[in-house]
Amino acid sequence: MNATKNYTNLKIAKLLRKIAAAYTLLGENRFKVIAYDNAATAVEHATSELKDLWDDGKLGAIPGLGSSIQSHLEELFKTGKSRHFDSILKKINPAVFPLLDVPGIGPKKAQKLVETLHIKSARSVLSGLEKATKEHKIAAIPDFGEKSEQDILEGIERFKRGSIKEKRMVLPLADATANELIDYLHQKLGRLAKRIDKLGSLRRQAATIGDIDLAIATNDFAAATEAFTSYPKKVRLIEKGPSGASLLLASGRQADMRVSRPDDYGAMLQYFTGSKYHNIRLRDFALKNGLSLNEYGIKNVKTGKLHTFSTEEDFYHFLCLDFIPPELREDAGEIDAAKDHALPGLIELQDVKGDLQMHSNFDLDTSHDPGNNSIKELREAGEQLSYDYVGITNHNPSTSKHTKEQIIAKLKSQTKIIEQINSTTKNTRVLSLLEVDISPDGSLTVPDEGLENLDACLVSIHSVFNMSKDQMTKRILKGFSHPVARILAHPTGRLLEQREGYELDWEQVFHFCLEHDKALEINCYPNRLDLPDVLVREAVKKGVKLSLGTDSHVKEDLVNMRYGVSVARRGWAEKKDIINTWSYARILDWLHKRI
DNA sequence: GCCGTTTTCGGCCCGACTGTTTTCAGTCG
């Protein structure tokens, strides 16, 4: 058992990529190499741990893992090693593999470098290579030159910076950074820019973003490039070509811009929005119909005629597909659904009638951070957004500082204030909620009498994260089974780029929610976005209800709702899946259920 | 090595860029 414990999906994916690189160097059939690369990607994208799938005999459910790779993984899980993988890796100098993470170095270059420089160990390879570049030994190697020597040095430095702090931007930060740049470009270019759009993972609204990619539709490439490269907030210009340019931003990330004529802007937008795997699947689909796709349009393979498209809608329709919203382009069945006219009608921001998590400064002397604004101010902020209701979800009063009676008294006084506020308005109503900690033993940190007068409560984990999957599932379901607990807040506990979430048995959690008519939260806070999109998809498939909460601690953060909506959309959620789309009367009725 | 409403055999996405070269291999997205 212990031997197999460490095979996380991340590690398996890395192993499969190493095998792919090794096969490249051993001169194996290149499609075999691609197969291993694809398998690695499939593992990275898997929604469950492979080890768990294997336990359940469901390893075959991952597309890209055929019988051969499955059998090797099986051996790995059973015995802690794979003789087949080991025998392949043994043939390659181990110093090759760390270099594959350096930008610009692939298997072939890595091999050539370590051989020429006589580097033998994985541990010393980076420092050895760095030393060699400084002694100008690289330029002398055949097929390398002055420029590649510099590139390698830069690559190593980038890698070193990256390995210390390889942080992607959380979606809201990337979005804000991009919007600022887009505003600047609109102002600078005026009517010369017919359109400016985000591209890549940012347009697909992924939870974290690497580089910021933009597209400009214009007939004046030179003006667009000039405007972009003279962006005052750039740290430096990285490169500039006839149809685009790249800048380094203060965050350490790049901003890439591409220009295209309005007539073929649709194909360009489609191509660079990705994802890579969506595009690969789409090209495969197109080829079967005699069509070849590229960033300029769609080519008829037989006649060679290129069709161009000013919009993405036309591009997809030409392929006899419904338009696929960017959030769905992850090769998760969206192309088949588009063919069958079975894409979901995704939830929109304007469908949202209220926000179900925010923290006020009401004096509850809480266990965790209180908010900055009064309940009244938060209600007004909700009114500004035309909400029908806002749910005040202060943390429970600290249990160490108060007696049971004090906790009950504090909660009663808050309920009174909320009743008072509600009596003065018929517009945006305040829901009297509470975010209650689930203790390690599964009990709630508020006595039942304190929960009585609430509309409902959210429950969540804020301490003792290091429990086994089994224990944590039991803990959460015990706390969640309290009749007043209607919503499980930030269900995985992850903090993007900071902390992995705890593991849960999701089958059990989903089943529990369905059985007791309870909801899972999609927390919209920038570094949570929790539930993650892939779990939203699973929940939606099963019919589990979802709630949106910004978890705001200042009233300005209520606008983060749109990022939660993005997560919901990436999980194929429709209006009917999200309880925040309900009227005040209906949500109140649902919150008051005691099951 | 994977995969299948054209296929259990014979295919497997597409093009740009770069550097080092005189026609292309390697890498990337």
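Residue numbers start from 1 in every chain, and the chains themselves are labelled A, B, ... in the order their sequence lines are given, proteins ahead of strands.
One atom, CD1 of A:I335, and another, P of B:dC13, lie 13 Å apart when rounded to the nearest Å. In this structure, the CZ atom of A:R17 is 15 Å from the C1' atom of B:dG1, given to the nearest Å. Look at NZ on A:K299: it is 15 Å from P on B:dC13, rounded to the nearest Å. Spacing between atom CE of A:M268 and atom P of B:dG29 amounts to 18 Å, rounded to whole angstrom units. If you measure from atom CD1 of A:I88 to atom P of B:dG1, you get 7 Å, rounded to the nearest angstrom. The OH atom of A:Y277 sits 13 Å away from the P atom of B:dC28 (whole-angstrom rounding). Across the protein-nucleic acid pair, A:H72 atom NE2 and B:dG1 atom C1' stand 9 Å apart, rounded to whole Å. One atom, CG of A:D211, and another, P of B:dC28, lie 14 Å apart when rounded to the nearest Å.
With C1' as the reference atom, B:dT8 and B:dC13 are 23 Å apart, rounded to whole Å. Taking atom P in both B:dT20 and B:dC14, one finds a spacing of 30 Å when rounded to whole Å. B:dC17 and B:dC12 are spaced 24 Å apart, taking the C1' atom of each and rounding to whole Å. Taking atom C1' on both B:dG11 and B:dT7, the two are 9 Å apart, rounded to the nearest angstrom. Taking atom C1' on both B:dT23 and B:dG19, the two are 13 Å apart, rounded to the nearest angstrom.
If you check every strand for non-hydrogen atoms under 4.0 Å, A:E295 touches sugar and phosphate atoms only. Using a 4.0 Å heavy-atom distance criterion, A:L287 is classed as a sugar-phosphate-only contact. Among the heavy atoms of the strands, none lies under 4.0 Å from A:Q70. If you check every strand for non-hydrogen atoms under 4.0 Å, A:I280 touches a base. If you check every strand for non-hydrogen atoms under 4.0 Å, A:N38 touches nothing. Nucleic acid contact class of A:G274 (heavy atoms, under 4.0 Å, all strands): none. Contacts of A:F272 with the nucleic acid, taken as non-hydrogen atoms under 4.0 Å apart, are absent.
Side-chain N/O atoms of A:Y36 include none lying less than 4.0 angstrom from OP1 or OP2 on B:dC12. The phosphate of B:dC13 has neither OP1 nor OP2 within less than 4.0 Å of any side-chain N or O from A:S292. Phosphate proximity of B:dG29 to A:H278: absent, as no side-chain N or O sits under 4.0 Å from OP1 or OP2. For A:N294, a side-chain nitrogen or oxygen approaches OP1 or OP2 of B:dG15 to under 4.0 Å. For A:Y23 and B:dG1, the shortest distance from a side-chain N or O to OP1 or OP2 is below 4.0 Å. Not one side-chain nitrogen or oxygen of A:K109 sits closer than 4.0 Å to the OP1 or OP2 atom of B:dG26.
Closest to the A:P63 side chain, of the nucleotides B:dA16, B:dT7, B:dC3, is B:dC3. Picking from B:dC14, B:dT20, B:dC2 the nucleotide with the shortest atom distance to the side chain of A:R283 gives B:dC14. Considering only side-chain atoms of A:K108, the nucleotide from B:dC14, B:dT27, B:dT20 that sits closest is B:dT27. Listed candidates were B:dT27, B:dC3, B:dG29. Nearest to the side chain of A:K276 is B:dG29. Closest approach to the A:P107 side chain among B:dT6, B:dC13, B:dT27 is made by B:dT27 (side chain taken as heavy atoms from C-beta onward). Taking the side chain of A:F31 as heavy atoms from C-beta on, and the options B:dG26, B:dC12, B:dC14, the nearest nucleotide is B:dC12. Proximity note for A:I69 (side chain, C-beta onward) versus B:dC2, B:dA16, B:dC14: the nearest is B:dC2.
No more than 12 heavy atoms of other residues, nucleotides or ligands lie within 6.0 Å of CD in A:E146, so this atom counts as exposed by the packing criterion. Within a 6.0 Å radius of NZ in A:K14, no more than 12 heavy atoms belonging to other residues, nucleotides or ligands are found.
Between A:N279 and A:I141, the one whose closest nucleotide on DNA chain B sits nearer the 5' end is A:N279.
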Side chain to side chain donor-acceptor pair (under 3.5 Å) evaluation trace for A:D256 with A:S246:
CA-CA 4 Å; A:D256 300 330; A:S246 297; 2.7 Å; yes
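Remark: B:dT8 base-pairs with no nucleotide in the shown strands. Criterion, Watson-Crick or G-U wobble with two distances under 3.5 Å.
Between the side chain of A:Y271 and the base of B:dG29, a donor-acceptor pair under 3.5 Å is found.
Side-chain atoms of A:S310 and A:R195 include no donor-acceptor pair closer than 3.5 Å.
The shortest distance between side-chain heavy atoms of A:P262 and A:N219 falls below 4.5 Å.
Ring centers of A:H317 and A:F323: at least 6.0 Å apart, outside the cut-off.
Checked options A:R569, A:R570, A:Q205, A:R204; the residue passing with A:D533 is A:R570 (criterion: side-chain hydrogen bond (donor to acceptor under 3.5 Å, both in side chains)).
With a 6.0 Å cutoff to the six-membered ring centre and a 45° limit on the axis angle, A:K51 does not count as a cation-pi contact of A:Y7.
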